[in-house]
**Q** 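Questions regarding the structure given below will be posed in turn.
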Protein chains: 2
Amino acid sequence: MSGKAKRDGVADIKMSDIARHAGVSPMTVSRALRDPASVSEKMRRKVDAAVREFSYLPNRIAGSLSSKRSNVVGLIVPSIQNSLYANMIQAISDVLRANGFHLMIANSGHRLDDEEALVSALLAQRVCGLVLHNTTHNKRVRDLVAKTGVPVIETGNLPAEPLDMVVSYSNFEAARAMTAHLGRLGYRKIGFVTLPLRDNDRSEERRRGYFAALKELGLPADPSLVLEAPGGFSEGADALVRLIQTHPGLDAGFFAGDVLAVGALFECQRRGWAVPGRVAIASFDDLDLLRHAVPAVTTLRIPRHEIGRRSAELLVNRLLGAPAERVRIDVGFEIVQREST
Amino acid sequence: MSGKAKRDGVADIKMSDIARHAGVSPMTVSRALRDPASVSEKMRRKVDAAVREFSYLPNRIAGSLSSKRSNVVGLIVPSIQNSLYANMIQAISDVLRANGFHLMIANSGHRLDDEEALVSALLAQRVCGLVLHNTTHNKRVRDLVAKTGVPVIETGNLPAEPLDMVVSYSNFEAARAMTAHLGRLGYRKIGFVTLPLRDNDRSEERRRGYFAALKELGLPADPSLVLEAPGGFSEGADALVRLIQTHPGLDAGFFAGDVLAVGALFECQRRGWAVPGRVAIASFDDLDLLRHAVPAVTTLRIPRHEIGRRSAELLVNRLLGAPAERVRIDVGFEIVQREST
DNA sequence: CGTTCTCTTGGTATCGCTACCATCGTATAA
DNA sequence: TTATACGATGGTAGCGATACCAAGAGAACG
């Protein structure tokens with residue numbers, strides 16, 4: 001653990017030095033810095049002058065220890081390398097920063113044990129709040145969260161038993177709605193391509209939604225119409241080709257994740273399959289790319305940015321004194337019908 | 001600043017409690033946790049038992065204050081919402097984590113003053129190292145870095161006067177190489193679309209590279225062939241259309257940034273312009289998307305992941321005791337010739 | 001058998017800041 | 001004018017760990 005990350009004393013000025021040079025007490029410096037209104041104009045000037053003279057940077061580590069208060073929020077996402085999360089992270093980061101908080105980011109790689117290790121590590125750093133893009137957790141994670149009482153936001157799905165606060169949409173409802181939408185448009189043989197289901201309640205929910213819609217549409221639930229694929233362009237392309245080989249009558253493909261749909265679309269362009277003439281393509285998540293592709297791709301708009309913003313806002317409110325109550329925000333979703341279906 | 005992020009004493013166990021329950025001294029607990037080999041088997045067992053019994057999480061804030069050592073690295077990127085940075089962040093995060101460090105991320109939005117505020121804030125948090133995706137800085141940033149002596153990695157460009165360590169490629173050389181490549185392929189009227197030049201040495205360098213190559217090719221340097229556009233699909237599309245309107249003879253477009261090329265490619269698909277028949281398209285940065293688009297897009301492969309990895313490795317080595325020497329790593333780039341040119 | 005050395009263990013003094021309470025001066029009320 | 005209150009300042013004691021040094025227990029040595 002940890003290295004010899006020594007920040008040696010080069011010009012290591014502390015508050016008492018500033019106090020001495022300003023001719024005031026350390027407490028006055030502390031106050032002048034944290035709550036300027038609480039000291040007199042005269043004192044403030046003296047302190048400010050000394051602070052500037054030495055470019056003094058208060059040591060927040062010491063501050064946090066002393067006040068038992070931290071201004072760092074921990075965030076765990078399954079993968080940083082994904083523009084969906086990036087949208088959310090940006091929003092979180094912006095809100096936190098506007099309120100004087102910082103963000104510590106880690107990625108779990110979709111592994112629950114890694115999530116546990118990261119939660120422990122972040123709690124050891126005494127983060128003042130956590131955002132988890134995941135709603136199924138280890139027992140130890142649940143225990144730690146309960147025991148420490150850190151405010152937590154869960155995101156990415158609407159769990160039955162949240163740890164604390166939740167901001168998300170329903171993967172089940174979203175997938176069901178899109179499948180139903182395809183049915184309404186007249187498609188009858190709808191393939192479903194999902195991200196890996198293992199340890200991923202979100203994928204699982206989406207698949208359930210797909211089947212639920214088929215049932216409502218009175219269409220047969222054929223498991224061979226469902227393919228599991230890691231995210232990626234090639235994987236989407238492969239999946240579509242395989243589906244069409246096994247089901248020549250396939251008239252639509254619903255790609256529930258990560259650029260799979262675009263991969264499939266490109267494959268159609270390469271093979272000269274008309275979209276939606278030969279096969280319709282629908283996607284999940286409103287990547288910019290989908291709107292600009294030719295043809296533009298029908299998709300589900302998930303308000304990722306809003307999820308991030310509201311998560312951070314809830315957290316900040318709680319940290320600023322709002323009562324600790326379980327909050328469950330469903331930000332919903334929206335079907336965006338475009339040219340590909 | 002900072003909120004009432006009080007982590008109240010709920011089950012707040014400290015090292016001395018563990019020590020008491022284990023029947024050893026606090027120092028022994030500390031040692032057993034940080035360097036198990038330094039205590040006897042018997043002690044280690046007692047400590048481990050007590051630690052597990054109470055699910056004790058050492059307080060790293062206190063540890064950092066006491067040891068004057070931190071295990072958090074700060075990272076400032078222009079924007080989190082960009083898969084290029086995401087690749088790098090992922091790599092940094094992985095390397096750091098493998099070595100017991102954590103990552104604090106902030107985004108400057110390409111504003112130097114924001115960068116300054118963030119550097120100050122991160123240094124106040126006493127990060128043990130900094131990674132800046134930017135090579136032009138405020139005076140205050142330069143002063144702070146010099147004064148505190150934090151190890152710093154700069155990335156995104158190869159500056160003439162680095163703050164400390166640099167891991168990057170040359171934007172100038174990359175843009176020049178691609179322009180020369182287009183010339184070699186026989187294109188004679190090459191448009192250049194760049195990201196905003198303001199406060200962005202990277203864009204500036206790329207433009208210089210473009211002009212340098214034109215000169216070498218013996219082609220006229222026509223400023224009206226250069227367009228500035230914020231990143232984005234539509235912006236790329238617009239830029240191409242404008243270029244072709246003003247220069248009907250345009251035979252190639254070099255899009256030096258962020259999905260601009262793909263936007264242009266889609267526009268060609270919409271308008272039925274053959275690529276590269278009517279106009280060739282070249283891009284900067286090897287997004288996955290470019291490889292899978294139809295036609296696949298010629299581009300510059302910048303090893304973003306490697307940049308992140310090596311940055312983090314350099315930082316970790318330094319933190320683990322490597323001598324503080326200026327390092328300048330040019331990771332290079334590669335031209336990837338595909339169907340679009 | 002005493003001495004020296006090594007290996008473990010423990011005590012104590014910080015680390016740099018903030019909470020809390022005491023103090024002092026002055027404004028307000030009586 | 002004296003009593004009361006309030007706002008501004010300062011002193012002191014931690015926050016929870018680690019650094020550093022001292023001390024005790026064996027092992028190895030002559």
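A note on names: the letters A, B, ... follow the listed sequences, proteins ahead of strands, and every chain is numbered from 1. Everything numeric in this text was worked out from a predicted model, so none of it was measured. Values reported hereafter were calculated over all heavy atoms of this structure, with side chains retained and with hydrogens, waters and symmetry mates removed.
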**Q** Between B:Lys147 and A:Phe54, is there a donor-acceptor pair closer than 3.5 Å when you use the side chain of the first and the backbone of the second?
**A**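 Here the side-chain-to-backbone pair exists.
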**Q** Write down the atom of A:Val95, the atom of A:Val316, and the distance for their closest heavy-atom approach.
**A**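 Answer, listing the atom of A:Val95 first, then A:Val316: CG1-CG2, 4.5 Å.
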**Q** Mark yes or no for whether A:Arg44, through its side chain, and A:Pro36, through its backbone, hold a donor-acceptor pair below 3.5 Å.
**A**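 Checked: pair present.
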**Q** Can you confirm whether the side chains of A:Asn99 and A:Glu313 place a donor and an acceptor under 3.5 Å from each other?
**A**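 Note: A:Asn99 and A:Glu313 side chains miss the donor-acceptor criterion.
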**Q** B:Arg304: which residues meet the salt bridge (Lys or Arg N to Asp or Glu O under 4.0 Å) condition with it, sequence neighbours left out?
**A**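 By the salt bridge (Lys or Arg N to Asp or Glu O under 4.0 Å) rule, B:Arg304 matches B:Asp285.
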**Q** Distance only, no hydrogens: is a donor on one side chain within 3.5 Å (strictly under) of an acceptor on the other, for A:Asn134 and A:Glu115?
**A**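 Yes - a donor-acceptor pair under 3.5 Å links their side chains.
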**Q** Check whether the side chains of A:Arg202 and A:Thr135 place a donor and an acceptor atom closer than 3.5 Å, and report yes or no.
**A**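 The answer is no; no qualifying pair exists.
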**Q** Any sub-3.5 Å donor-acceptor pair from B:Arg328's side-chain atoms to B:Pro159's backbone N or O?
**A**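 Confirmed, B:Arg328 side chain pairs with B:Pro159 backbone.
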**Q** How long is the line joining CD1 of B:Ile18 and P of D:dT18, in whole Å?
**A**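 About 13 Å, once rounded to whole Å.
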**Q** Rounding to a whole Å, what distance do you find between A:Glu41:CD and D:dT9:P?
**A**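 After rounding, the reported distance stands at 11 Å.
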**Q** Distance-only criterion, 3.5 Å: show the donor-acceptor pairs between side-chain atoms of residues 16-30 of chain A and protein atoms not counting sequence neighbours.
**A**
{"from": "A:Asp17", "atom 1": "OD1", "to": "A:Arg20", "atom 2": "NH2", "distance (Å)": "2.6"}
{"from": "A:Asp17", "atom 1": "OD2", "to": "A:Lys14", "atom 2": "N", "distance (Å)": "3.0"}
{"from": "A:Ser25", "atom 1": "OG", "to": "A:Met27", "atom 2": "N", "distance (Å)": "3.3"}
{"from": "A:Ser25", "atom 1": "OG", "to": "A:Thr28", "atom 2": "N", "distance (Å)": "3.3"}
{"from": "A:Ser25", "atom 1": "OG", "to": "A:Thr28", "atom 2": "OG1", "distance (Å)": "3.3"}
{"from": "A:Ser30", "atom 1": "OG", "to": "A:Arg34", "atom 2": "NE", "distance (Å)": "3.3"}
{"from": "A:Ser30", "atom 1": "OG", "to": "A:Arg34", "atom 2": "NH2", "distance (Å)": "3.1"}

**Q** Let me know which of A:Val331, A:Ile329, A:Ile153, A:Leu96 forms a side-chain contact (heavy atoms from CB on, under 4.5 Å) with A:Ser311.
**A**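 Of the listed residues A:Val331, A:Ile329, A:Ile153, A:Leu96, the side-chain contact (heavy atoms from CB on, under 4.5 Å) partner of A:Ser311 is A:Ile153.
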**Q** Between B:Arg69 (CZ) and D:dG16 (P), how many Å, whole number?
**A**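 Distance check: B:Arg69 CZ to D:dG16 P gives 21 Å.
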**Q** Could you list, one pair per line, each protein nitrogen or oxygen that sits under 3.5 Å from a nitrogen or oxygen of nucleotides 20-27 of chain D, together with the distance?
**A**
none

**Q** Identify all pairs in which a protein N or O lies below 3.5 Å from an N or O of nucleotides 5-8 of chain C, and state each distance.
**A**
none

**Q** Any donor and acceptor pair, going by atom type alone, linking the side chain of A:Ser67 with main-chain N or O of A:Gly63 inside 3.5 Å?
**A**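 Such a contact is found between A:Ser67 side chain and A:Gly63 backbone.
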**Q** Show each protein N/O and nucleotides 15-17 of chain C N/O combination with a separation under 3.5 Å, one pair to a line.
**A**
{"from": "C:dC15", "atom 1": "O2", "to": "B:Ser66", "atom 2": "N", "distance (Å)": "3.4"}
{"from": "C:dG16", "atom 1": "OP2", "to": "A:Lys14", "atom 2": "NZ", "distance (Å)": "2.9"}
{"from": "C:dG16", "atom 1": "N2", "to": "A:Ala62", "atom 2": "O", "distance (Å)": "3.4"}
{"from": "C:dC17", "atom 1": "OP1", "to": "A:Tyr56", "atom 2": "OH", "distance (Å)": "2.2"}
{"from": "C:dC17", "atom 1": "OP1", "to": "A:Asn59", "atom 2": "N", "distance (Å)": "3.1"}
{"from": "C:dC17", "atom 1": "OP2", "to": "A:Met15", "atom 2": "N", "distance (Å)": "2.4"}
{"from": "C:dC17", "atom 1": "O2", "to": "A:Ser66", "atom 2": "OG", "distance (Å)": "3.0"}

**Q** Tell me, yes or no, whether the heavy-atom count around A:Arg45 atom CZ, taken from other residues, nucleotides or ligands under 6.0 Å, exceeds 12.
**A**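 Open.
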**Q** Below 4.0 angstrom from OP1 or OP2 of D:dG10, is there any side-chain N or O of A:Thr28?
**A**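 Result: yes.
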**Q** Which atom pair, heavy atoms only, marks the closest approach of B:Ile76 to B:Leu122?
**A**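 Shortest heavy-atom contact: CG1-CD1, 3.8 Å.
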**Q** Axis-to-axis angle across the helix from C:dC1-D:dG30 to C:dA30-D:dT1, five pairs an end, to 10 degrees?
**A**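 It comes to 30° between the two terminal axes.
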